[in-house]
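Worksheet for the structure shown next.
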Amino acid sequence: MADLDKYRKCIRQLITEYAQRASSNNEIEAQTIFDVEQDHYQLIYIGWQNRHRVFRIKFMYKKFQMREQIIKSISATSAFS
């Protein structure tokens, strides 16, 4: 269970860092959505671009969806060791 908590924390940290770097446009905001109990994590872009509404899901992770691939990816990243 400790490993699962570690992976959840790593996923939240990864998405948060990505959102901070992606928030360079003043009209489009990167937002993170974390539901730890259900293991749902999202990064979305929301705002306006050239008078058009923008709503994009940049990253979405759901419980059991690609879990092994994400865990392998995070485990291979030395920043999260």
Side-chain angles (χ1 to χ4, degrees):
M1 192 60 141
D3 284 341
L4 186 56
D5 290 334
K6 177 183 172 184
Y7 295 133
R8 286 175 177 149
K9 181 180 176 186
C10 289
I11 290 170
R12 289 192 308 269
Q13 183 179 353
L14 185 69
I15 293 172
T16 300
E17 289 176 6
Y18 191 89
Q20 289 170 348
R21 283 184 267 161
S23 292
S24 61
N25 186 334
N26 291 337
E27 294 185 30
I28 300 175
E29 179 183 358
Q31 295 183 355
T32 58
I33 302 168
F34 302 140
D35 179 357
V36 181
E37 288 183 17
Q38 300 295 319
D39 280 335
H40 292 174
Y41 306 90
Q42 291 185 2
L43 170 61
I44 64 169
Y45 292 126
I46 190 165
W48 295 91
Q49 185 174 34
N50 300 326
R51 300 174 74 173
H52 296 285
R53 185 74 172 148
V54 173
F55 179 83
R56 284 186 226 128
I57 298 174
K58 180 68 175 177
F59 177 88
M60 177 173 51
Y61 169 78
K62 290 175 140 181
K63 188 175 187 176
F64 303 117
Q65 178 186 11
M66 301 186 314
R67 178 176 295 249
E68 293 80 17
Q69 293 171 342
I70 290 173
I71 289 172
K72 286 178 188 174
S73 171
I74 291 172
S75 297
T77 306
S78 61
F80 298 108
S81 297

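Owing to the predicted nature of the structure, the values given are computational and were not obtained by experimental measurement.
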Contacts of R51 that satisfy side-chain contact (heavy atoms from CB on, under 4.5 Å) - sequence neighbours left out | none
With R56 via side-chain contact (heavy atoms from CB on, under 4.5 Å) - residues at least two apart |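 If we apply the side-chain contact (heavy atoms from CB on, under 4.5 Å) test to R56, skipping adjacent residues, the hits are Y45, Q49, V54.
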Separation of [Y] [atom2] from [X] [atom1] (nearest 0.5 Å):
| X | Y | atom1 | atom2 | value |
| --- | --- | --- | --- | --- |
| E27 | H52 | CD | NE2 | 12.0 Å |
| D35 | H40 | CG | NE2 | 6.5 Å |
| I15 | K58 | CD1 | NZ | 12.5 Å |
| L14 | L43 | CG | CG | 9.5 Å |

Test I11 against F34 for side chain to side chain contact (heavy atoms under 4.5 Å, CB included), laying out the working first.
-> CA-CA 10 Å; I11 290 170; F34 302 140; 6.0 Å; no
For side chain to side chain contact (heavy atoms under 4.5 Å, CB included), just list the numbers for I44 and E29, CA-CA rounded to whole Å, side-chain angles, deciding distance to a tenth of an Å, and then say yes or no.
-> CA-CA 8 Å; I44 64 169; E29 179 183 358; over 6 Å; no
Which pair of non-hydrogen atoms, one from A19 and one from A30, has the smallest distance, and what is that distance?
-> O-CB, 3.7 Å
Tell me yes or no: between the side chains of Y41 and D39, is some donor less than 3.5 Å from an acceptor?
->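 Distance-only check passes for Y41 and D39.
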Please step through side chain to side chain contact (heavy atoms under 4.5 Å, CB included) for the pair R12 and T32, ending with a clear verdict.
-> CA-CA 9 Å; R12 289 192 308 269; T32 58; over 6 Å; no
